[in-house]
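In what follows, a single structure is set out as structure tokens and then discussed.
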Amino acid sequence: MIDENKMYAVIAVLLIILLGLFVYLISIDLKLRRLEKRHREPGIDNESDTASKIKNEP
Amino acid sequence: MIAHYKWIYKAVAIVLLTYALLAGLTVKLPYELPVIYESIRNLFYHVGMWFTMLFVFLISFIYSLRHLKGFNPDHDRVAAQAAQIGLVFGMLGIFTGMFWANATWGAPWVRDPKLNGAAMSLLVYFAYIVLRSSIADEEKKARISAVYNIFAFILAIIFIGVLPRISGDSLHPGQAGSPLTVAGLDPSLRAIFYPAVLGWILLAVWILEIKVRMSRLHNTLTERDYD
């Protein structure tokens, strides 16, 4: 099926789109990281993620 | 200093989803399914949307519970962002499902308890968003929406997981009246299905992490508690 009817072209296109979106997401993540560093608030652990936790409660 | 371990699950998400796309489109189907044919491959993508939606709704539920135990505004923040992302994946599930239903059942929307249950669940969560935006007082907003969110998750489970199974006439696999189940799936398809679902879930967690960090940063910059 893959060779017969040029299905590989579709798979390649989808793969490029998917990988392109991943690269975009990574660049957003990195940009956000730079902003976080610049505006680091005392008392908040900016390295903590959504799973582990926070202590910015008074 | 970048915490490298936090990139591990993101790399896993990329690898799993790339695998799901390549393997999912190229795997030779182990059997010829009547009516469904090649569209069974949608299993890796369409069904992944729903598993992911329920997973982030579960995160939202857990953080709402945590918010009610200690009233940490950051827990409410995670709950709110997770609910939003769940809605995005739910909408994707609905729209992809409409295409698949049109191809197999002959209409984009059929009389099926699973479809209506899914639509009801999305409405319940849209109401959560509306509820949040309608309360100005931040503390009140957080508490009331946390309580509502707990009901919302239980309702979603009932609408999607329970009612279609006891109604007895759902067209979806795994329900009464349909012979197909995930457990009865051919191992060659299951070997793609489970990694695909995990990949979608990790992708959603990644987006959630970014949105929560954005919201925290926004909070830091504006000195308000929420946005």
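Heavy atoms only: backbone and side chains are in, while hydrogens, waters and symmetry mates are out. Below, chain A is the first sequence line, B the second, and so on; all start at residue 1. This one's a predicted model, so the numbers in the text were calculated from it and none came from an experiment.
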Worksheet item: Out of curiosity, Leu14(A) CG to Tyr45(B) OH, how far, rounded to the nearest 0.5 Å?
Response: 8.0 Å
Worksheet item: Would you say the side-chain atoms of Trp206(B) and Asp29(A) include a donor-acceptor pair closer than 3.5 Å?
Response: yes
Worksheet item: So which heavy atom on Leu18(A) is nearest to which on Leu17(B), and how close?
Response: CD2-O, 3.7 Å
Discussion item. Between Leu19(A) and chain B, with a heavy-atom cut-off of 4.5 Å, which part of the residue counts as in contact: side chain, backbone, both or neither?
Written reply: side chain
Discussion item. So which atom in Arg33(A) and which in Lys10(B) form the shortest heavy-atom distance, rounded to 0.1 Å?
Written reply: NH2-NZ, 4.1 Å
Worksheet item: Could you walk me through whether Val10(A) and Leu25(B) pass the side-chain contact (heavy atoms from CB on, under 4.5 Å) check?
Response: CA-CA 10 Å; Val10(A) 178; Leu25(B) 293 179; 5.6 Å; no
Worksheet item: Could you state the interatomic distance from CG (Leu21(B)) to CG (Leu15(A)), rounded to the nearest 0.5 Å?
Response: 6.0 Å
Item to complete: Measure the CD1-CE distance between Ile28(A) and Met214(B) for me, rounded to the nearest 0.5 Å.
Response: 8.5 Å
Item to complete: Go through Ile26(A) and Ile14(B) one step at a time and tell me if the side-chain contact (heavy atoms from CB on, under 4.5 Å) criterion holds.
Response: CA-CA 11 Å; Ile26(A) 290 169; Ile14(B) 291 173; 4.0 Å; yes
Practice prompt. Rounded to the nearest 0.5 Å, what's the gap from CZ on Phe22(A) to OG1 on Thr18(B)? Could you check?
Written response: 5.0 Å
Worksheet item: What's the spacing between His218(B) NE2 and Leu35(A) CG if we round to 0.5 Å?
Response: 12.5 Å
Discussion item. Can you give me the closest heavy-atom contact between Leu221(B) and His39(A), atom names plus distance?
Written reply: CD2-ND1, 3.3 Å
